[in-house]
Amino acid sequence: MVINGRELSASLKAQMAAQVVELTKQYGRAPHLVVILVGEDPGSVSYVTGKSKAADEVGIRNTTLRRDASISEQELLDLIAELNADDTVDGILVQLPLPKHIDEDKVIAAIAVEKDVDGFHPLNVARLWLKQSCVLPCTPKGIIKLLKSADIEISGKEAVVIGRSNIVGLPVAKLLTDENATVTVAHSRTRNLAEVTRRADILVVAIGKERFVTADMIKPGAVVIDVGVNRDSRNGKLCGDVDFETCEPVASYITKVPGGVGPMTICCLMENTIECFVKRMNR
Ligand code: L34
């Protein structure tokens, strides 16, 4: 069975649109998301366009600020400081990756924590790991929603996450742990990777290598979540980290790329923006 992220996100966005109508009446204005896009990376341009389109659908006011790849770190920090101080801005997102001459950690830490709709700020990361109330990072949050939407039991299951990034691998491992899964984080140095992944009842793949996971790496009946967004070297189309054609018959549930995790990332960004807006309005 394919878990359809596009459908789930469409229905969640429709619910949020109704909620935003009410919130806009209640607070006298709509939530406002500002996305900063540095440079012209085609992937980033496409994802940021998707975010703006989704915000329009949900009724979230949104502004995309495009800056040249040559922007200095200080100029970017100054821009963030300006948005932090702007009371009409509820959410700030700096699309990653940034050009090499800019320190991403420094930029993320400069965002006011109450406007950090990505959940990437060190304080939000700490709160996540301490199980305190926080903004959850969009992709991990979207993955848990996908699993729950298909009524997949997480508690007590063996989950294996391939990838240990700050944005996906580590936080999704934490969320799965909080859902009472037994979690293994595998990565490029893992020995006998196929042996490890074959133990997984739930396999989350966020490694960034096209068709990396093959049928022999999957336990029959496993749930497979593909976080990859790669260009297919055979046809230039978007493809995941999982070889869908061969893995689909082995898995019980599987996500597709496109149409799986990606739309859920964007959907959760909308949710986080609304959350930050409401919190700020009730300060
Ligand atoms: N700050 N940087 C920041 N926040 C994020 O949450 C992201 N991420 C990742 C890259 N950098 C970021 C995203 O937005 C990845 N990502 C993302 C978002 C959306 C999609 C993919 C990755 C997406 O919508 N994927 C569609 C296909 C889009 C297309 O055709 O290009 C899908 O169906 O998978």
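Order of appearance sets the numbers: ligands from 1, and atoms from 1 within every ligand. Throughout, residue positions are numbered sequentially from 1 according to the sequence presented.
Of all the atoms in ligand 1, the ones that sit under 4.0 Å from a non-hydrogen atom of L238 are 27 (C), 29 (C), 30 (O). Less than 4.0 angstrom separates some heavy atom of P263 from each of these atoms of ligand 1: 32 (C), 33 (O), 34 (O). In summary, the atoms of ligand 1 found under 4.0 Å from a heavy atom of K51, numbered by their order in the structure, are 4 (N), 5 (C), 6 (O), 7 (C), 13 (C), 14 (O).
Geometrically, ligand 1 and V94 share a nitrogen or oxygen pair separated by less than 3.5 Å. Between R231 and ligand 1, not a single N/O pair is under 3.5 Å apart.
Looking at atom 8 (N) of ligand 1, its nearest protein heavy atom turns out to be Q95 NE2, 4.0 Å. Atom 2 (N) of ligand 1 has as its closest protein heavy atom L96 N, 3.0 Å. Atom 16 (N) of ligand 1 has as its closest protein heavy atom Y47 CD1, 3.9 Å. In terms of protein heavy-atom proximity, atom 23 (C) of ligand 1 is nearest to G262 CA, 3.7 Å. Atom 3 (C) of ligand 1 has D118 OD2, 3.4 Å as its closest protein atom, hydrogens excluded (heavy atom only). I266 CD1, 3.6 Å is the protein heavy atom nearest to atom 24 (O) of ligand 1. Of the protein's non-hydrogen atoms, S46 OG, 2.7 Å is the one closest to atom 31 (O) of ligand 1.
A donor-acceptor pair under 3.5 Å links the side-chain atoms of K157 to the main chain of E153, judged by distance alone. In this structure, H101 contributes its side chain and I71 its backbone to a donor-acceptor pair below 3.5 Å. Panel note: side chain E75, backbone S72; a donor-acceptor pair is recorded below 3.5 Å. Formation of a donor-acceptor pair under 3.5 Å by the D241 side chain with backbone atoms of K209 is found in this model.
Looking at G43, C138, S165, G259, it is G259 that brings a heavy atom closest to atom 33 (O) of ligand 1. The residue from S44, P258, G240 that puts a heavy atom closest to atom 32 (C) of ligand 1 is P258.
Taking all atoms of both residues into account, the shortest heavy-atom contact from S252 to G221 is OG-O, 2.7 Å. Residues L170 and R164 share a closest heavy-atom pair of CG-O, 3.4 Å.
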Side chain to side chain contact (heavy atoms under 4.5 Å, CB included) between V172 and T139: does it pass, once the steps are laid out?
-> CA-CA 8 Å; V172 82; T139 303; over 6 Å; no
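Between R198 and E195 there is no salt bridge, since no side-chain N of the basic residue sits under 4.0 Å from a carboxylate O of the acidic one.
Checked by atom type, the side-chain pair E210/S233 shows a donor-acceptor distance below 3.5 Å.
If you run side-chain hydrogen bond (donor to acceptor under 3.5 Å, both in side chains) between D90 and each of H32, R29, K115, only R29 comes through.
Of all the heavy atoms of T139, none lies under 4.0 Å from any atom of ligand 1, so neither backbone nor side chain is involved.
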